[in-house]
Amino acid sequence: TTVSSGTVNFENTINLPALTQSGGTLSEAGQLTITGTMTWSGGVLASTGKVILANGATATWTGGNDKRLIGVMDNQGTITFDDGGFVLQDGTFNNLGQMTISHDPSILYGGGTANQFNNSGTLNKSGSGTTTFSSVAFNNSGVVNWPAGNLYLNGGGQNTTTLTVPAGGYLQINHDYGCPAGSTLTGAGEVRFTGGTHDLLGDYTVSGLTTVSSGTVNFENTINLPV
């Protein structure tokens, strides 16, 4: 199935072995499951039910245009995101499988409320640039492989597992962000708190510089700051 412009409406549950979308709007009211391959280079996926990239399926998000999600999408397969932005409009994206971000995207607020990017699978960030969550919550309960570059969180959320800030990179947090008991924030990079209120109830073992330029940071455990 190929969508390049116009509007395609699916009123019932449907399985697609392949989807290529470069523009237009694909809307579904039931459940849309992509079982094989997906190439998304632009346009809108709008769901009042759910879009699923099935286990074993693969997707490439490419091209310089934004990809807009309205509704809920579950990734149970493998996504490579190599160009353009990702816009959530009343949207929830759940990474349950594997996703690799191989450029420097912005994950953007596109309207509505409760826009969330939830990682409970494996999220790989490659490259030395900055991945920005702009007014979109980033909730991590999975694995984040982040060997280089920067992560800018400007939409809230929480980390319940481990985030490791790489040497030479930084984590910048500009909105209330949760680090509950059992979580770990660590690494040789820099952590910058530039706004919001942060109750750090988990382990904080960052060996790089910690900077607080605005907001409130409450360190609830014993820590050793190197500088």
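We count residues from 1, following the sequence as given.
In terms of hydrophobic clustering, with Ile, Leu, Val, Met, Phe, Trp and Tyr side chains grouped at heavy-atom distances under 4.5 Å, Y152 and F86 are assigned to different clusters. Linking Ile, Leu, Val, Met, Phe, Trp and Tyr residues whenever their side-chain heavy atoms come within less than 4.5 Å leaves M38 and V87 in two separate clusters. A continuous path of Ile, Leu, Val, Met, Phe, Trp and Tyr side chains, each step under 4.5 Å between heavy atoms, connects I79 with I101, placing both in one hydrophobic cluster. W146 and Y177 fall within the same hydrophobic cluster, defined by Ile, Leu, Val, Met, Phe, Trp and Tyr side-chain heavy atoms under 4.5 Å apart, directly or through other members.
For the pair N94 and V72, the minimum side-chain heavy-atom distance is below 4.5 Å. A 4.5 Å side-chain heavy-atom check between F81 and H103 finds at least one atom pair inside the cut-off. Between L108 and S135 there is no side-chain heavy-atom pair separated by less than 4.5 Å. Looking at I107 and T131, their side chains come closer than 4.5 Å, going by heavy atoms from C-beta outward. T205 is listed as a side-chain neighbour of T184, based on a closest heavy-atom distance under 4.5 Å. Contact check for S213 versus R192: no side-chain heavy atoms found under the 4.5 Å cut-off.
Under the 30°/60° scheme for interplanar angles, the aromatic rings of F138 and F117 are found to be tilted.
The distance from atom CG of N118 to atom OG of S141, rounded to the nearest 0.5 Å, is 7.5 Å. Here the straight-line distance linking atom CG of L96 with atom CD of Q76 works out to 6.0 Å at 0.5 Å rounding. D74 contributes atom CG, which lies 9.5 Å from atom OG1 of T92 (distance to the nearest 0.5 angstrom). Note that OG1 of T80 and CD of Q98 are 8.0 Å apart. Values are rounded to the nearest 0.5 Å. Rounded to the nearest 0.5 Å, atoms CG (N174) and CG (N154) are 4.5 Å apart.
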Under 3.5 Å, side-chain donor or acceptor atoms of residues 8-23 against the rest of the protein: list the pairs with distances, not counting sequence neighbours.
unit_1: Q21; atom_1: NE2; unit_2: G23; atom_2: O; d: 3.4
unit_1: Q21; atom_1: NE2; unit_2: G24; atom_2: O; d: 3.3
unit_1: Q21; atom_1: NE2; unit_2: V44; atom_2: O; d: 3.0

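Between the side chains of T62 and D82, at least one donor N or O sits under 3.5 Å from an acceptor N or O. A side-chain N or O of N140 and one of T161 form a donor-acceptor pair less than 3.5 Å apart. One side chain, T210 or Y204, offers a donor N or O that lies under 3.5 Å from an acceptor on the other.
Using a distance-only test at 3.5 Å, with no hydrogens or angles considered, no donor-acceptor pair links the side chain of N150 to the main chain of G169. Although no hydrogens or angles enter the test, the distance criterion places no donor-acceptor pair under 3.5 Å between the side chain of H175 and the main chain of G195. Side-chain atoms of R68 come within 3.5 Å of backbone N or O of G110 as a donor-acceptor pair. Checked by atom type and distance alone, the side chain of N55 never pairs as donor or acceptor with a backbone atom of G77 at under 3.5 Å.
Here D176 pairs with T197 under the side-chain contact (heavy atoms from CB on, under 4.5 Å) rule; sequence neighbours left out. With sequence neighbours excluded, the residues forming a side-chain contact (heavy atoms from CB on, under 4.5 Å) with N145 are T122, N124, V143, listed by chain and number.
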